[in-house]
There are 2 protein chains.
Amino acid sequence: MFVSFKIYYLYHVKRTQNIEVAVDAIVFGYSKEEGVSILLIKRKYDPFKGSWAIPGGFVLDHESLEEAVERELQEETGVKISYLEQLYTFGKPDRDPRTRILSIAYFGLVKSNQFEKLKATTDAEDAAWFNFKRLPKLAFDHKMILNVAIERLRGKIIYQPIGFELLDKKFPFSDLEHLYSTLLDRPIDRRNFKKKVMSFGILDELDEKAKSNGAGRPGNLFQFNKTTYNRLLKNGMHFEI
Amino acid sequence: MFVSFKIYYLYHVKRTQNIEVAVDAIVFGYSKEEGVSILLIKRKYDPFKGSWAIPGGFVLDHESLEEAVERELQEETGVKISYLEQLYTFGKPDRDPRTRILSIAYFGLVKSNQFEKLKATTDAEDAAWFNFKRLPKLAFDHKMILNVAIERLRGKIIYQPIGFELLDKKFPFSDLEHLYSTLLDRPIDRRNFKKKVMSFGILDELDEKAKSNGAGRPGNLFQFNKTTYNRLLKNGMHFEI
DNA sequence: CCTATTTGTGTATTTTTAACACAAAGGTAA
DNA sequence: TTACCTTTGTGTTAAAAATACACAAATAGG
């Protein structure tokens, strides 16, 4: 009788709910050759063993959601991100076949240099980048989550200068142009685009020339100036491509 | 021994986490007299007993997050919303003094006619509207949550026609103008504003005149045409004030 | 019927966006 | 070393959109 009460207490009073809390991280990377890509892991365990999935995992009791994201990403892929923001919380009761799992999805960007570095570790058989237009079949409701993430990235680069988080610290202007063109899926007029971007005054043009990558006239390298950006932002500047 | 195992199983295997899941609803209402207002409840129990707070509560195992929001709103305030979208998930480990509570905040709008109707029920001693610029002291981290919600509403009415969800089905044009002016906190040129809004073709001008509210020339009533809006949206129309 | 209040309406100016083409720099291969 | 290929850099003009601005007409109330 006492035992039953104890179990009842733990199960129904202290824990009235049966919902587990997880985070997922949709991480975008970019290179001129590979285009915009998303980081996925191959699931090592059931359900969906062997399927590709968005990296993520359960939140520990003491850590913040952002800490959970960075820990899981480190464990599963070894990747360090340069930009992170919350995307959306997916909470349908039956989105996981085992038990109810609530997932707070985050949306991350990695710099071009991190793009190649990938380390497969314990939790995942494999981790790899997939071009965002050629994604494999995905576990759970991850396909839908990715669509939300892609829409968010697409919408966001228009009115916030987060595209720079996908490039190296120093980059040729054409990389930025190519990134926007790929993501927005439309051609971009080089002159008009440059005119507009430079008009914000948040890009420093360096004296260094970009490396020669085969053929073509080498261009100057540029660098995003976050300090200037923040200052201008305070003064009411409005970034919009 | 068997008993310990059972408890261990329930507590540590089936339930490795100690996080409770709640939803909160930031509900906006509007009337020309009262301006943009937010629906709050007075807490009946500790912690923060007697403080004003955002309505919300724990998610039941079987219900979706949206269902939880609507149920809690019904229980606590009796208000029915006309627009609901997810706002943000607040997950800091210590945001509630009792135990870790994750809150998925939603953002809702009610039509002007619902604005007055308020019913205080069991869970809250009281429920009331507060002008969004004159908010009382709030429980938990609710102040911060409200700020996020206000920013979201402000940002959103610019590029999505959700302002109509705050008005009656039929409204005089000046109501819309006043709503935008209040929310964006800047004067609006009546002629330019009307020119732009009407250019989208999503407002039907009715033959009825608005009631006389004291003095002034009565104007026509207008009505948001959602069907037309959805059709135009598909054809690539871009709403932006 | 006079006054106060609110609605309705058009044009001119400025600003922003969009369209558009050719010369210069370097790499590579003949 | 030269000819060719690829890529970068640059300015003007036309069209579209945003902004600034003022007065007459309709009603309510005194």
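All figures in this text were calculated on a predicted structure; none of them were measured in a lab.
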Provide, to the nearest angstrom, the distance between the [atom1] atom belonging to [X] and the [atom2] atom belonging to [N].
X	N	atom1	atom2	answer
B/Lys195	D/dA17	NZ	C1'	10 Å
B/Phe193	C/dT7	CZ	C1'	15 Å
A/Arg191	D/dG11	CZ	C1'	7 Å
B/Leu221	C/dG8	CG	P	10 Å
B/Ile241	D/dT19	CD1	C1'	15 Å
A/Arg190	C/dA24	CZ	C1'	12 Å
A/Met198	D/dT10	CE	C1'	13 Å
B/Leu206	C/dG8	CG	P	12 Å

B/Phe224 vs B/Tyr229 aromatic rings, parallel, tilted or perpendicular, using cut-offs 30° and 60°?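 If you compare the ring of B/Phe224 with that of B/Tyr229, the planes turn out tilted.
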Is the ring pair A/Phe193/A/Tyr180 parallel, tilted or perpendicular, if the boundaries are 30 and 60 degrees? tilted
Please say which of A/Tyr30, A/Phe115, A/Trp52 ends up in a ring pair (Phe, Tyr, Trp, His ring centres under 6.0 Å) with A/Trp129.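 Single ring pair (Phe, Tyr, Trp, His ring centres under 6.0 Å) partner of A/Trp129 among A/Tyr30, A/Phe115, A/Trp52: A/Phe115.
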Less than 3.5 Å between a donor and an acceptor, one on the side chain of B/Arg217 and one on the base of D/dA24, is that the case here?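 Such a pair does not exist between side chain and base.
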Using a cut-off of 4.0 Å on non-hydrogen atoms, how would the nucleic acid contact of A/Lys209 be classed: base, sugar-phosphate, or nothing?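 It contacts nothing in the nucleic acid.
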Sugar-phosphate, base or nothing in reach of B/Asn220, heavy atoms under 4.0 Å: sugar-phosphate
Answer whether the closest heavy-atom distance between the side chains of B/Phe200 and B/Leu232 falls below 4.5 Å. no
For [N] and [X] - does any side-chain N or O of the residue sit under 4.0 Å from the phosphate oxygens OP1/OP2?
X	N	answer
B/Lys194	C/dT9	yes
A/Ser174	D/dT7	no
B/Lys196	D/dA17	no

So if I take every side-chain heavy atom of B/Asn192 and compare against C/dT9, C/dA19, D/dT19, which nucleotide ends up nearest?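 Of all the options, the side chain of B/Asn192 is nearest to D/dT19.
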Any chance the rings of A/Phe132 and A/Phe28 have centres within less than 6.0 Å?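 Aromatic pair excluded; centres sit 6.0 Å or further apart.
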Residue closer to the 5' end of DNA chain D, B/Glu240 versus B/Asp189 (nearest nucleotide):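 Looking at the nearest nucleotide for each, B/Glu240 comes out on the 5' side.
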